[in-house]
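Everything below concerns the one structure shown next.
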Amino acid sequence: MAGVVEESNVKGFEKGQAVFGRASHGACAEYVTTTVKTIAHKPEQLSFAEAAAISGGATTAWMALFAHGGLEPGQRVLVHAAAGGVGSFAVQFAKWKGAEVIGTCSTANVDYVKSLGADTVIDYKTTSFEEVVQDVDLVLDAVGGETLERSWSVLKRGGTLLSLVDVPSEKKAEELGIHARFSNELAPNEVFQAIAQLMAEGKAKATIGKEFPLQDLRQAHELCQTGHGRGRIIVRIAE
């Protein structure tokens with residue numbers, strides 16, 4: 001969510017300040033409550049919609065790449081579902097860090113993923129990624145299932161496999177000499193602020209797919225549940 005502080009009893013956040021982050025009990029209301037640990041100040045350069053898009057996709061990508069993946073400049077990264085809510089940010093963050101970025105997506109999103117900065121884009125509808133990709137340092141999987149299983153073979157020994165949807169086999173990871181883990185941890189507000197600053201400096205961007213007024217909340221959820229579409233879905237509570 002993103003909005004303006006109406007009341008605060010903590011230091012650092014005052015009435016009238018623009019903030020963004022996560023609400024404690026959902027955000028589809030004119031007034032919501034939250035904690036100091038899950039909000040950050042919104043830079044003036046960002047719209048409320050852009051700021052609201054950070055929590056979830058961007059923070060998940062950041063935690064996976066840097067907190068869990070230990071991504072370093074010069075490493076090779078494979079991002080599955082690179083046009084998705086997490087993947088689109090992961091491509092940008094990895095490129096900003098100085099990594100070589102490979103992304104998989106559908107035919108319709110190839111040009112979009114290229115525009116995010118991916119060095120190589122693989123159309124999964126026409127090409128099996130494991131046939132053209134080898135020796136990567138990090139795989140970020142937001143698909144799971146068969147895609148996760150096929151990803152083991154593209155990692156170099158000592159590499160890291162991070163899945164956002166499934167728990168990778170510890171036994172298989174040990175046999176192959178790689179690190180593997182489930183990565184879907186909520187980020188602290190320091191991460192929110194770091195991402196917002198990166199976006200304010202023009203080094204990353206949020207793609208807004210579609211905006212709905214509050215009375216059309218059902219349609220927003222129905223679109224989300226299709227599992228398709230490009231960019232974040234925004235619900236505007238008030239103008």
Side-chain angles (χ1 to χ4, degrees), residues 1-6 18-35 37-40 42 46-64 79-93 103-109 112-113 115-116 124-125 140-148 162-167 182-189 191-192 195-196 199 204-239:
M1 58 82 185
V4 176
V5 176
E6 181 63 26
V19 297
F20 72 98
R22 303 183 71 88
S24 301
H25 303 287
C28 290
E30 186 175 1
Y31 295 97
V32 299
T33 59
T34 189
T35 69
K37 294 181 179 181
T38 56
I39 59 170
K42 181 185 80 67
L46 299 187
S47 68
F48 282 101
E50 289 172 322
I54 292 175
S55 179
T59 53
T60 298
W62 186 281
M63 292 296 288
V79 178
H80 289 306
V86 176
S88 59
F89 281 108
V91 169
Q92 296 178 80
F93 294 159
T104 66
C105 63
S106 65
T107 309
N109 287 316
Y112 169 61
V113 174
S115 75
L116 297 175
Y124 68 77
K125 291 189 174 183
L140 180 56
D141 166 47
V143 182
E146 181 187 353
T147 299
L148 172 62
L162 300 173
S163 178
L164 305 179
V165 290
D166 290 334
V167 179
F182 175 71
S183 176
N184 198 4
E185 181 181 335
L186 293 179
N189 60 354
V191 170
F192 285 79
I195 294 171
M199 292 171 61
K205 63 181 179 180
T207 300
I208 306 301
K210 193 168 184 178
E211 297 188 24
F212 293 87
L214 181 58
Q215 61 264 32
D216 292 338
L217 180 61
R218 175 174 176 169
Q219 289 93 313
H221 278 283
E222 288 174 344
L223 175 59
C224 181
Q225 290 168 8
T226 66
H228 298 286
R230 180 189 302 170
R232 309 299 286 174
I233 299 169
I234 301 296
V235 176
R236 287 197 173 273
I237 307 300
E239 295 298 331

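Between F89 and K205, the closest heavy-atom pair is CE2-O, 3.6 Å. Residues A220 and V235 come closest through the heavy atom pair CB-CG2, 4.0 Å. Minimum interatomic distance between D166 and G144 (heavy atoms only, all atoms of both residues): OD2-CA, 3.3 Å. Contact record, A64 with L140: CB-CD1, 3.7 Å, taken as the closest heavy-atom pair.
Residues forming a side-chain hydrogen bond (donor to acceptor under 3.5 Å, both in side chains) with S115 (at least two apart in sequence, or on another chain): none. Looking at residues two or more places apart in sequence or on another chain, you find no side-chain hydrogen bond (donor to acceptor under 3.5 Å, both in side chains) involving T33. E6 is linked by a salt bridge (charged side-chain N to carboxylate O under 4.0 Å, His left out) to K15, counting only residues two or more places apart in sequence or in another chain. Annotation: side-chain hydrogen bond (donor to acceptor under 3.5 Å, both in side chains) contacts of T104 (sequence neighbours excluded): H80. With sequence neighbours excluded, the residues that form a side-chain contact (heavy atoms from CB on, under 4.5 Å) with V19 are V5, F13, H41. For A40, the side-chain contact (heavy atoms from CB on, under 4.5 Å) test picks out F20, F192, Q193, with sequence neighbours left out. Contacts of E222 classified as side-chain hydrogen bond (donor to acceptor under 3.5 Å, both in side chains), with partners at least two apart in sequence or in another chain: R218. Residues meeting the side-chain contact (heavy atoms from CB on, under 4.5 Å) test with T34, sequence neighbours left out: M1, S24, T38, I39. V32 is linked by a side-chain contact (heavy atoms from CB on, under 4.5 Å) to A23, A29, counting only residues two or more places apart in sequence or in another chain.
For E146, the CD atom counts as loosely surrounded, since its 6.0 Å shell holds 12 or fewer non-hydrogen atoms of other residues, nucleotides or ligands.
Checked by atom type and distance alone, the side chain of D141 never pairs as donor or acceptor with a backbone atom of V165 at under 3.5 Å.
Note that CG of L164 is 7.5 Å distant from CZ of F182, once rounded to the nearest 0.5 Å. For the atom pair OG (S106) and OH (Y124), the distance works out to 4.5 Å, reported to the nearest 0.5 Å. Taken from CG in L217 to CD1 in I233, the straight-line distance is 10.5 Å, to the nearest 0.5 Å.
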Less than 3.5 Å apart, which donor and acceptor atoms pair up between the side chains of residues 48-63 and the rest of the protein, not counting sequence neighbours?
unit_1 : atom_1 : unit_2 : atom_2 : d
E50    : OE1    : S47    : N      : 2.8
E50    : OE1    : S47    : OG     : 3.4
S55    : OG     : R22    : NH1    : 2.9
T59    : OG1    : G56    : N      : 3.0
T59    : OG1    : G56    : O      : 3.4
T60    : OG1    : G56    : O      : 2.5

Throw together a table of side-chain donor-acceptor distances under 3.5 angstrom for residues 206-214, partners on residues two or more places apart or in other chains.
unit_1 : atom_1 : unit_2 : atom_2 : d
T207   : OG1    : Y112   : OH     : 2.7
E211   : OE1    : R236   : NE     : 2.5
E211   : OE1    : R236   : NH2    : 3.4

